[in-house]
Structures are given as C-alpha cells and as structure tokens.
Amino acid sequence: ESRAQRALNSAAADKQRANEETQKEDRLVEESNLLKRACDDATVDSRKARERMDKATADLDSIDDNLSIDIVLNGTKANTKQKALTDEKRRYTVKVKETSAENAAAEMIRRHAQNAYDEARHRAKVQAGRASEARKRAEHSAAIADRLAEHAEEERAAADLRKVANDKADISLEQIEQELRSSEAQLQQARRAYKESEDLARASRDKSEELTEMAILARMSVTEKKLISFY
C-alpha cells in the first residue's frame with residue numbers, strides 16, 4: 001500500500017469521525033435547546049405560582065387586618081361580619097398553604113430544569129470543542145492526502161515519461177541493430193560478389209591464355225612444334 005493510499009484512507013477515517021462528532025454536537029445542541037425551552041416554561045410556571053402564593057398571602061393579611069379592626073371596634077363579641085371574616089380567613093389560610101406547596105413544587109421543577117439545561121449546555125459545549133478538533137484534523141489529513149496524491153501523480157507522470165524514453169531508446173537500439181545486421185549482410189553479399197567476380201576474371205584469364213596458346217600453336221609450323229617439343 002502506497003503512502004498516498006494510506007494517507008487517503010486516514011483522511012477518510014478522520015472525515016468519518018469528524019462527521020460523527022459533528023452529529024453528536026448537533027444532537028446535544030438540539031437537546032440543550034429543548035431543555036432551554038422547558039427551563040423557560042418552568043420559570044414562567046414558578047413565577048405564576050409565586051404570584052398566586054403572594055396574592056393569597058396578601059389577601060390573608062388583608063382579612064387579618066379587617067378582622068383585627070372589627071375586633072377593636074366591636075370587641076370579641078361574635079357578629080356576622082367577624083364570622084364571615086373568620087370563615088374567609090380559614091379558606092385563605094388553606095389557599096396560602098396550597099399555593100405555597102404549588103410554588104415550592106414549581107420552584108423545584110424550575111431548579112431541576114435549570115440544572116438539566118446547564119448540564120446539557122455544558123455537554124454541548126464540550127462536544128462542540130471535540131467536533132471542532134475532529135474537523136480540523138480531518139481538514140489537515142485531507143490536505144496531506146491531496147499533497148501526497150499530487151506527488152504520486154507527478155511520479156506516475158515522470159515514470160510514464162521515462163518509459164516512453166526507454167521505449168524510444170529500445171526502438172532506436174533495435175533499429176541500429178537491424179541496420180547493422182543489414183549492413184553486415186550487404187557487406188557479406190558484396191564480398192561474395194567480389195569473390196565471384198574475381199573467380200570469373202581468373203577463369204576468364206586462364207581461358208584466354210589457353211586460347212592464346214592454342215592460337216600460337218596453330219600458327220606454328222611443324223618444325224617449330226618439333227623444336228618446342230624437343231625443349
């Protein structure tokens with residue numbers, strides 16, 4: 001496996017991890033937003049419960065004040081107004097207890113919602129940092145893979161050029177060898193032709209000399225031939 005391929009595989013793995021970390025970040029942000037809305041709703045409910053409790057308490061205080069004034073004005077002798085105020089005080093005392101319990105419950109819910117939102121926001125912040133680092137690493141790995149791929153492409157191009165040059169050199173060498181073989185063959189052929197021509201010339205000279213001698217002998221007299229034979 002080449003360096004470029006290893007870098008490409010590493011970049012792909014880093015990109016997948018960055019995508020996964022980003023998806024986690026998105027989920028935590030969405031969860032944080034939902035808890036933020038729940039926290040806001042709980043805060044509104046708690047404020048309304050507090051307002052109801054404060055109103056019930058204020059109403060009870062007002063009833064106590066009216067009852068106290070009536071007692072001061074009319075004494076402790078039972079009368080219709082004091083009875084009505086006492087009954088109303090009893091009802092508002094119960095209402096204050098109920099609204100106080102509702103306020104305590106709403107406040108507890110608000111605190112839980114606030115804590116849940118704070119934790120979710122913290123988790124989302126931490127995950128955002130992780131996702132950011134993963135994306136930076138993926139970008140860095142991709143840049144390295146691109147540079148190595150470009151280098152590998154340059155090497156392949158150079159290798160192709162070297163192959164073309166080698167092929168051309170092989171072809172040129174083969175052509176030279178073929179021309180050399182052809183030249184050698186032509187030289188051998190020329191040598192054979194020269195030898196054949198020399199042989200023909202020699203045979204022709206020999207034949208010519210033979211014919212010349214025959215002609216000379218033909219012109220000689222019988223006496224001359226005897227003299228030649230004698231010698």
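Just so it is clear, the values below take in all heavy atoms, side chains as well, and ignore hydrogens, waters and symmetry mates.
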Can you check whether [Y]'s main-chain N or O pairs, donor with acceptor, with [X]'s side chain at less than 3.5 Å?
X: S132; Y: A128; value: no
X: N103; Y: R50; value: yes
X: S141; Y: R137; value: yes
X: N115; Y: R111; value: yes

Note: [X]-[Y] ion pair, threshold 4.0 Å (strictly below):
X: R37; Y: D41; result: no
X: R130; Y: E133; result: no
X: D118; Y: R121; result: yes
X: K83; Y: D87; result: yes
X: R156; Y: E153; result: yes
X: D64; Y: K89; result: yes
X: R27; Y: E31; result: no

Reference residue R135; test salt bridge (Lys or Arg N to Asp or Glu O under 4.0 Å); the match among E20, E25, E21: E25

Looking at every heavy atom in both [X] and [Y], which two are closest together, and how far apart are they?
X: L35; Y: A120; answer: CD1-CB, 3.4 Å
X: S46; Y: E107; answer: OG-OE1, 3.0 Å
X: A7; Y: L148; answer: CB-CD1, 3.4 Å
X: A113; Y: A42; answer: CB-CB, 4.1 Å

Residue E155 excluded, over 12 heavy atoms near CD under 6.0 Å: yes

Taking the side chain as C-beta and beyond, is there a heavy-atom pair between [X] and [Y] under 4.5 Å?
X: R3; Y: R6; answer: yes
X: I109; Y: H112; answer: no
X: E88; Y: R91; answer: yes
X: Q82; Y: L85; answer: no

Distance in Å, [X] [atom1] paired with [Y] [atom2], rounded so as to fall on 0.5 Å steps:
X: M53; Y: T57; atom1: CE; atom2: OG1; value: 5.5 Å
X: Y117; Y: N33; atom1: OH; atom2: CG; value: 7.5 Å
X: D70; Y: T86; atom1: CG; atom2: OG1; value: 9.0 Å
X: D65; Y: L60; atom1: CG; atom2: CG; value: 9.5 Å
X: D14; Y: E139; atom1: CG; atom2: CD; value: 11.5 Å
X: Q127; Y: L28; atom1: CD; atom2: CG; value: 5.5 Å

Donor-acceptor pair between Q23 and N19 side chains, under 3.5 angstrom: no

